[in-house]
Amino acid sequence: MKYILNQDYHIHSSRSLCSGDETWVPERILQQAEESGLTDICLTDHHWDDRVPLLDTASNFYRVQNWDHIRTVLPLPQSDKVRFHFGCEIDMDMNYNIGMSKESMDRFEFIIIPTTHLHMMGLTIDEKHDSTEGRAKVYVERLDALLDKDLPWHKIGIAHITSALIGKNHRQNFAHHLEILDSIPDETFERIFKKIAELGAGVELNIFFPKYSEEQLDSVMRPYIIAKKMGCKFYCGSDAHRLKEMAASFDRKFKPVVEYLELTEDDKFNPFK
Ligand SMILES: [Zn+2]
Ligand SMILES: [Zn+2]
């Protein structure tokens with residue numbers, strides 16, 4: 001059966017500092033999910049667990065978004081049509097410490113971990129690695145380090161693995177992340193995705209198709225084609241921080257990627273079984 005577009009497991013509310021929209025609250029998110037015909041959604045506000053020390057070089061971004069900050073949305077509203085799950089998006093610092101302690105993991109139904117927040121200089125990447133080659137090396141090493149950890153993998157999603165944030169000055173030079181991805185051989189991706197498939201973690205689909213030319217799509221989609229070949233399971237994530245982003249994701253992110261990869265229901269990741 002063809003992959004059914006009924007989930008969005010990467011959504012930020014106004015609790016995430018980068019949202020900037022005070023009206024973007026769980027009730028409004030739930031309403032939008034109903035309008036898009038979704039049946040399962042997950043809130044994934046940015047979070048760093050207070051039980052884990054944060055590097056001195058880190059900005060205040062994560063210091064503020066601690067447990068007391070993000071828990072204020074609980075309990076999440078529910079509806080007859082949509083199940084609203086509670087998760088978060090954490091990070092991993094440049095020493096490969098992830099921003100959540102073992103004992104805090106039970107607080108969340110789903111935890112997404114990106115290794116690609118390479119715009120956070122001083123937290124996720126050291127300045128000395130700030131070149132195309134350096135970033136490619138860091139990209140692979142961070143994935144390997146994460147996958148070596150002992151985590152509850154059945155409820156872990158590897159977020160935006162091909163994010164533009166991999167690139168240097170991504171706002172001025174959007175295509176740089178593609179240059180970095182292109183420099184990583186198929187065999188490396190095969191090894192990484194084989195591990196993800198074995199661990200049973202999910203691979204996030206979060207690619208804004210209109211941003212890419214046809215040629216660029218070949219670059220950004222190559223990792224996912226390999227992930228599918230290696231047996232990975234996928235979930236859709238809008239990474240919406242406000243209403244219009246969530247509303248646009250169905251047609252511009254989810255539909256095209258599922259068609260591109262010809263996904264079926266067997267390819268779907270579901271941490272909420
Ligand atoms: Zn992110
Ligand atoms: Zn996010």
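Both counts, for ligands and for their atoms, begin at 1 and track the order of listing.
- Between Tyr62 and Trp48, the angle of the ring planes lies from 30° to 60°, which puts this pair in the tilted group.
- The Zn ion (ligand 1) has an N, O or S atom of Glu89 inside 2.8 Å of it.
- The Zn ion (ligand 2) has His10 among its coordinating residues (N/O/S atom, backbone or side chain, under 2.8 Å).
- Taking 4.0 Å as the cut-off between side-chain N and carboxylate O, Glu133 and Lys137 do not count as a salt-bridged pair.
- The minimum distance between the Zn ion (ligand 2) and any N, O or S atom of His12 involves atom NE2.
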CA sep, side-chain torsions, deciding dist, call: Asp49, Ile90, side-chain contact (heavy atoms from CB on, under 4.5 Å): CA-CA 8 Å; Asp49 183 2; Ile90 60 169; over 6 Å; no
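- Counting backbone and side-chain atoms alike, His46 contributes no N/O/S atom closer than 2.8 Å to the Zn ion (ligand 1).
- Using bins of under 30°, 30° to 60° and over 60° for the plane-to-plane angle, the ring pair Phe193/Phe189 lands in the parallel bin.
- Looking only at its N/O/S atoms, Asp239 has OD1 as the one nearest to the Zn ion (ligand 2).
- In the model, Ser19 has no side-chain atom that pairs as donor or acceptor with a side-chain atom of His12 under 3.5 Å.
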